[in-house]
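Inspection log for the structure reproduced underneath, given as structure tokens.
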Amino acid sequence: MNHVGTKNILEACARYNPAIKKFILISSQAAAGPSTDGRPVDDHSLPHPISDYGRSKLLAEEEARAYKDRFPVLIIRPPSVYGPRDRDVYELFRWASRGVTIKISGGERYFNLCYVEDLTAALLLAAESRTESGSIYFVAEKRAYSWSEFRAVLLSSGGVKAHEITVPYAVAYLMALIAELASQFTRRPVLMNRQKVVEAVQPYWLCDVDKLENELCFQAEYPLQKGMELSWQWYRKNLWL
């Protein structure tokens with residue numbers, strides 16, 4: 001569990017290196033949960049994670065903030081991170097390269113994204129900047145995308161065409177259940193489980209990055225088109241596609 005590992009590291013820091021310059025926890029937007037009304041969530045929004053992963057990340061945050069008066073603590077919440085070496089969003093690249101994109105029924109959905117280089121830059125800036133202990137920052141490109149917009153960029157940046165298949169929610173959930181059962185025999189983790197399906201069908205995964213911009217003067221340098229082009233290039237160069 002995320003919170004147990006975080007707790008162990010925090011305890012080790014407090015015992016053996018209490019003068020640590022700063023403890024930075026890479027959490028997740030999943031700890032905050034999706035937006036319920038279409039407005040971006042921020043660090044003041046009441047967290048309501050909807051998956052075990054999100055709940056474990058929120059518990060890890062609570063462990064970290066419990067030490068904020070003992071040494072500097074900072075929490076970073078990225079949304080879905082994509083780019084070289086990523087294996088989650090990569091699945092969308094892989095299917096698109098085969099001429100297929102898959103959408104779960106239920107209407108348009110909106111979300112923020114973060115290219116890996118932007119996350120790295122934000123972490124370095126956060127480590128070097130003065131921040132209030134216990135602060136929480138969301139890191140993402142400062143604009144949301146609909147699934148339709150994302151799909152269009154995915155295809156255009158890769159120079160591919162694909163047929164879109166719409167899968168009913170019940171079918172997607174059943175497929176995830178079957179994948180979970182199969183993993184019990186193969187002992188291999190599944191990329192899509194039932195909880196991820198529940199997360200995927202939320203209308204709004206939106207986050208507010210104003211705090212990061214205003215306090216640390218950070219701005220993402222990789223808009224989706226550029227980040228996707230670089231991702232396609234890397235996956236192809238390294239024979240992932």
Side-chain angles (χ1 to χ4, degrees), residues 28-30 32-41 77-122 138-173 175-176 191-192 196-210 212-213 218-241:
S28 169
Q29 185 181 9
S35 167
T36 58
D37 57 8
R39 291 181 294 181
V41 299
R77 285 177 177 170
S80 293
V81 179
Y82 69 99
R85 296 182 178 81
D86 165 70
R87 291 187 176 276
D88 291 332
V89 182
Y90 158 71
E91 287 298 308
L92 301 179
F93 288 84
R94 187 166 70 91
W95 282 102
S97 70
R98 296 178 177 181
V100 175
T101 61
I102 299 174
K103 174 185 177 182
I104 301 176
S105 63
E108 195 68 272
R109 299 179 177 95
Y110 302 85
F111 43 86
N112 287 96
L113 292 160
C114 184
Y115 184 64
V116 64
E117 292 287 350
D118 281 327
L119 176 57
T120 301
F138 287 90
V139 180
E141 181 185 349
K142 192 176 181 174
R143 66 151 294 182
Y145 293 89
S146 66
W147 164 256
S148 298
E149 291 172 318
F150 173 83
R151 179 180 182 275
V153 174
L154 172 67
L155 300 183
S156 65
S157 61
V160 298
K161 295 182 179 180
H163 177 69
E164 183 169 70
I165 298 175
T166 300
V167 178
Y169 171 74
V171 173
Y173 194 86
M175 292 172 63
L191 289 175
M192 181 57 70
K196 286 188 176 181
V197 170
V198 172
E199 288 185 326
V201 299
Q202 301 305 307
Y204 305 107
W205 279 102
L206 306 174
C207 60
D208 190 333
V209 299
D210 285 349
L212 185 67
E213 291 189 353
F218 174 84
Q219 288 190 336
E221 295 185 2
Y222 293 85
L224 185 62
Q225 181 73 34
K226 181 178 179 181
M228 284 295 200
E229 289 173 357
L230 292 172
S231 299
W232 276 107
Q233 291 171 17
W234 191 91
Y235 287 134
R236 285 166 170 160
K237 180 179 179 180
N238 289 275
L239 304 182
W240 285 36
L241 296 175

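In this structure, R98 and V160 have side chains that are not in contact, with every pair of non-hydrogen atoms separated by 4.5 Å or more. For the pair I102 and V100, the minimum side-chain heavy-atom distance is below 4.5 Å. Using a 4.5 Å heavy-atom threshold, the side chains of W205 and V41 count as separate. Two residues are said to be in side-chain contact when any heavy atoms from C-beta on lie closer than 4.5 Å; R77 and C207 fail this criterion. Considering only heavy atoms from C-beta on, R151 comes within 4.5 Å of L155 through its side chain. Inter-residue side-chain proximity for W95 and T101 is flagged as unmet; no heavy-atom pair is nearer than 4.5 Å. The closest side-chain heavy-atom distance from F138 to L212 is not below 4.5 Å. Residues E117 and P84 fail the side-chain proximity criterion, which asks for heavy atoms closer than 4.5 Å.
Distance check, rounded to the nearest 0.5 Å: CD1 of I165 to CD1 of I104 gives 13.0 Å. Separation of atoms NZ (K161) and OG (S156) is listed at 12.5 Å; rounding is to 0.5 Å. Note: Q202 CD to E199 CD = 8.0 Å, rounded to the nearest 0.5 Å. Here CD of Q29 is found 9.5 Å from OG of S35. Values are rounded to the nearest 0.5 Å. E141 contributes atom CD, which lies 8.0 Å from atom CG of D118 (distance to the nearest 0.5 angstrom). Between the CG atom in L92 and the CG atom in D86 there is a gap of 9.0 Å [rounded to 0.5 Å].
Shortest non-hydrogen contact noted between V81 and V116 is CG1-CA, 3.9 Å. Here the closest non-hydrogen pair linking R109 and G106 is NH2-CA, 3.6 Å.
Stacking of R87 on the aromatic ring of W240 is recorded, both the 6.0 Å distance cut-off and the 45° axial limit being met.
Looking at K226 and E229, no side-chain N of the basic residue comes within less than 4.0 Å of a carboxylate O on the acidic one, giving no salt bridge. A salt bridge does not link R39 to D208: none of the charged side-chain nitrogens sits closer than 4.0 Å to a carboxylate oxygen.
Within a 6.0 Å sphere centred on CD of E164, heavy atoms belonging to other residues, nucleotides or ligands number more than 12. Atom CD of Q219 has 12 or fewer neighbouring heavy atoms from other residues, nucleotides or ligands inside a 6.0 Å radius.
The side chain to side chain contact (heavy atoms under 4.5 Å, CB included) test with Y82 is passed by exactly one of D88, V89, L119: V89. Of the candidates Y145, F150, Y204, F111 forms a ring-ring contact (aromatic ring centres under 6.0 Å, His included) with just one, namely F150.
Between the side chain of Y222 and the main chain of C114, no donor-acceptor pair closer than 3.5 Å is present. Between the side chain of S105 and the main chain of Y169, a donor-acceptor pair closer than 3.5 Å is present.
Residues meeting the side chain to side chain donor-acceptor pair (under 3.5 Å) test with W234, sequence neighbours left out: none.
Note on ring orientation: taking the six-membered ring where Trp is involved, the planes of W232 and F93 are perpendicular (angle over 60°, cut-offs 30° and 60°).
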